Amino acid sequence: MHDQRLLRENLDMLKAQLGARAADVPWEGVRTLVQERSRLMVQVEELRHQLKKGSEEVGRLKREKQPADETMARMKAVGDRIKEIEERLRLADDGVQQVALRIPNLPHQSVPAGPDATANVEMRTWGTTPALAFTPKPHWEIGEALGILDFERAARIAGARFAVLTGLGARLERALINYMLDLHTSRHGYREVLPPFMVNRDAMTGTGQLPKFEEDLFKLRDDDYFLIPTAEVPLTNLHREEVVTEAQLPIKYTAYTPCFRREAGSYGKDTRGLIRQHQFNKVELVAFSKPEDSYEELERLTAAAEAVLQGLGLPYRVMALCSGDMGFSAAKTYDLEVWLPSQNTFREISSCSNFEAFQARRAGIRFRRADGKNEFLHTLNGSGLAVGRTLVAILENGQQADGSVVIPEALKPYMGGVERIGKG
RNA sequence: GGAGGGGUGGCUGAGUGGCCGAAAGCGCUGGUCUUGAAAACCAGAGUCGGGGCAACUCGACCGUGGGUUCGACUCCCACCCCCUCCGCCA
């Protein structure tokens, strides 16, 4: 959400800079509502002042045993008038709020301009793609052949876009989670958190999933709870409506959680395999930063996510998303894309963003400067990493001609010494 | 789910219709004193929004949202959260 003052004083600038990113925003309606709201606010405050003085007068008269009927009658009229205007103010305020919560964040000036993913800019690549002497198989064929991945039974117990991992497959997923958490807590200074996997409406609004993207979420029928689509939601909202001290910053959290997404509108995309699931595991990184440090923090956070891929020896590249490809709340985003031999391309495995004060303003997360002034802080987050997609990358990049899969060295301690997954 | 108790400033905690943005204590900030510190004493300090170059000024905020009233921290209703006991449960 943007500063209300920006809406009032710089609406044209905002509209121009957002361009196609906010094509669905009724700008002229916003302008009218914002003006109406200011006007009514001034009126109400003036009337309240009258009422306050008048009521004090009544109190004084009564104490002095003087008649107060005339003042009481006048104040009654003022009170009625206030109620009337307050009602209109409430409507205008709701209207502004409703639209304001649906205006996306402004891209940082370093973000490349562009309409879609084709305009994203490659920042760097790491590792060398494996030169396989055979035609690489997709991970679902590898996993099913090894008896560690089962989509058929998953469909029976849940439906499409679910998977069952068994044996060393389940073990590998668990190993990855532990490896990632250990790395971030011991080497990158993140504090481990195990949050609730469902949250309330306010939390979802705080990070920007609501009100605009409700159809992407799983919602409980009898309670106003939503399954989290990412640990970003509980972690960022941990400090909702709080004022932290300047000395505490940066605050950095990491958490493993399952993530639940309806994937509405992605019919036909990645229908096979683990790439796009209704439920998947992710280790998330979240940081709270002073505004002046947040872009430095974004580089550090991205590097922390990259460290996982490097530790596992998986080739990847870093893309700076262009304005048209960025998410609703982000001011700047780097995607990490891992190499998938079967698709002969890089696929997203992590998304690292700086939200600046966009989420902090929605969620009311501030910090107190040394001079005593309160200010919204900046929030950041990134996947470190999407666990299921990491497992995909290991299966595909580690596959051998005989159908077995070599496990990265770094995971051996987490796999009870297993170096290779073979049949049986 | 049932019964009862409770949500007030950084914390503890008073306040049961007007003189309450809110006592008192603790903590905090500045000062006096002291070689320094402590103690003591004095002074100061909430958050958000509007107006003003500024000094300043106006409004809102005592869990949340409604209601009663000239006037609500105080009365009424609904909801949320916390605590105790019972029930159920991993």
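The shown structure was predicted, so the numbers you read here are calculated from the model rather than taken from an experiment. In what follows, every chain begins at residue 1, and chains take the letters A, B, ... in the order their sequences are listed.
When the P atom is used for both B:rC42 and B:rG6, the distance is 37 Å, rounded to whole Å. B:rG17 and B:rG67: their C1' atoms are spaced 16 Å apart (whole Å). Annotation: B:rC11 and B:rG27 have their C1' atoms spaced 7 Å apart (nearest Å). B:rG65 and B:rG7: their C1' atoms are spaced 16 Å apart (whole Å). Rounded to whole Å, the P atom of B:rG13 lies 29 Å from the corresponding atom of B:rG66. B:rG18 sits 11 Å from B:rA72 when the P atoms are compared, rounded to a whole Å. Comparing the C1' positions of B:rA60 and B:rA54 gives an interatomic distance of 24 Å, to the nearest angstrom. Comparing B:rC73 with B:rG59, their P atoms sit 14 Å apart, to the nearest whole Å.
Here B:rC80 presents its C1' atom at 14 Å from CG of A:Asp223, a figure rounded to the nearest Å. In this structure, the CD1 atom of A:Ile82 is 10 Å from the P atom of B:rA72, given to the nearest Å. At whole-Å resolution of the value, NZ in A:Lys373 and C1' in B:rC48 are 14 Å apart. As a whole-Å value, the separation of A:Leu89 CG from B:rG50 P is 13 Å. Across the protein-nucleic acid pair, A:Arg366 atom CZ and B:rG10 atom C1' stand 14 Å apart, rounded to whole Å. If you take CD of A:Glu86 and C1' of B:rG65, they are 13 Å apart, rounded to a whole angstrom. What separates CG of A:Asp224 from C1' of B:rU64 is a distance of 15 Å, to the nearest Å. Per the geometry, CD belonging to A:Glu375 stands 11 Å off P belonging to B:rC48, to the nearest Å.
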Q: Could you please spell out the steps behind the salt bridge (charged side-chain N to carboxylate O under 4.0 Å, His left out) verdict for A:Arg31 and A:Asp12?
A: CA-CA 9 Å; A:Arg31 192 190 311 278; A:Asp12 291 322; 2.9 Å; yes
**Q.** Intermediate values then yes/no, salt bridge (charged side-chain N to carboxylate O under 4.0 Å, His left out), A:Arg48 and A:Glu86
**A.** CA-CA 11 Å; A:Arg48 281 219 193 95; A:Glu86 268 180 342; 2.5 Å; yes
Q: Determine, stepwise, if the pair A:Arg262 / A:Glu215 fulfils salt bridge (charged side-chain N to carboxylate O under 4.0 Å, His left out).
A: CA-CA 7 Å; A:Arg262 292 193 60 226; A:Glu215 70 280 3; over 6 Å; no
Q | Evaluation steps, salt bridge (charged side-chain N to carboxylate O under 4.0 Å, His left out), between A:Arg276 and A:Glu263 | A | CA-CA 8 Å; A:Arg276 197 173 296 274; A:Glu263 294 296 344; 3.3 Å; yes
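When each of A:Arg63 and A:Arg8 is assigned the nucleotide of RNA chain B with its nearest heavy atom, A:Arg63 is the one assigned upstream, toward the 5' end. Comparing A:Glu56 and A:Met72 by the nucleotide of RNA chain B whose heavy atom lies nearest to each, the residue mapping closer to the 5' end is A:Glu56.
When Watson-Crick and G-U wobble pairs are counted only if both distances are under 3.5 Å, B:rG59 pairs with B:rC48. Using N1 to N3 plus N6-O4 or O6-N4 for Watson-Crick, or N1-O2 and O6-N3 for G-U wobble, each under 3.5 Å, B:rC41 pairs with B:rG31. Within the shown strands, B:rG2 is the pairing partner of B:rC85 under the Watson-Crick or G-U definition, both distances less than 3.5 Å. In a base pair of the Watson-Crick type (N1 to N3 plus N6-O4 or O6-N4) or a G-U wobble (N1-O2 and O6-N3), with each distance short of 3.5 Å, B:rG10 is matched with B:rC26. The partner of B:rC19 is absent, by the rule that a Watson-Crick or G-U pair needs both atom distances under 3.5 Å. Pair check for B:rA78 finds B:rU64; Watson-Crick or G-U wobble, both atom distances under 3.5 Å.
Taking only side-chain nitrogens and oxygens, A:Arg5 comes nearer than 4.0 Å to OP1 or OP2 of B:rG50. The side chain of A:Arg368 places no N or O atom within less than 4.0 Å of a non-bridging phosphate oxygen (OP1 or OP2) of B:rG10. When the side-chain nitrogen and oxygen atoms of A:Lys62 are compared with OP1 and OP2 of B:rC19, none of them lie within a distance under 4.0 Å.
Salt-bridge formation is detected for the pair A:Glu87/A:Arg90: a Lys NZ or Arg NE/NH1/NH2 atom is positioned less than 4.0 Å from an Asp or Glu carboxylate oxygen. Checked for salt-bridge contact, A:Lys212 and A:Asp24 meet the test: a charged N lies under 4.0 Å from a carboxylate O. Salt bridge annotation for A:Lys52-A:Glu45: absent, with no cationic side-chain nitrogen under 4.0 angstrom from a carboxylate oxygen. Under 4.0 Å is where a charged nitrogen must lie from a carboxylate oxygen, and between A:Asp182 and A:Arg187 no such pair does.
Across all strands, A:Asn374 comes closer than 4.0 Å only to sugar-phosphate atoms, never to a base (heavy-atom distances). Using a 4.0 Å heavy-atom cutoff across all strands shown, A:Arg39 reaches no nucleic acid atom at all. Nucleic acid contact for A:Met75: sugar-phosphate only, since backbone atoms but no base atoms lie under 4.0 Å from a heavy atom of the residue. Residue-level contact check: A:Arg37 touches neither bases nor backbone, having no heavy atom under 4.0 Å from any strand.
Under the 6.0 Å cut-off for aromatic ring centres, A:Phe358 and A:Phe328 qualify, their centroids lying closer than that.
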Nucleotide N/O to protein N/O under 3.5 Å, stretch nucleotides 57-60 of chain B:
unit_1 : atom_1 : unit_2  : atom_2 : d
B:rC58 : O3'    : A:His49 : ND1    : 2.9
B:rG59 : OP1    : A:His49 : ND1    : 2.7
B:rG59 : O2'    : A:Arg48 : NH1    : 3.3
B:rA60 : OP2    : A:Lys52 : NZ     : 3.3

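For the residue pair A:Tyr316 / A:Gln310, a side-chain donor-acceptor distance below 3.5 Å is found, with atom types taken as modelled.
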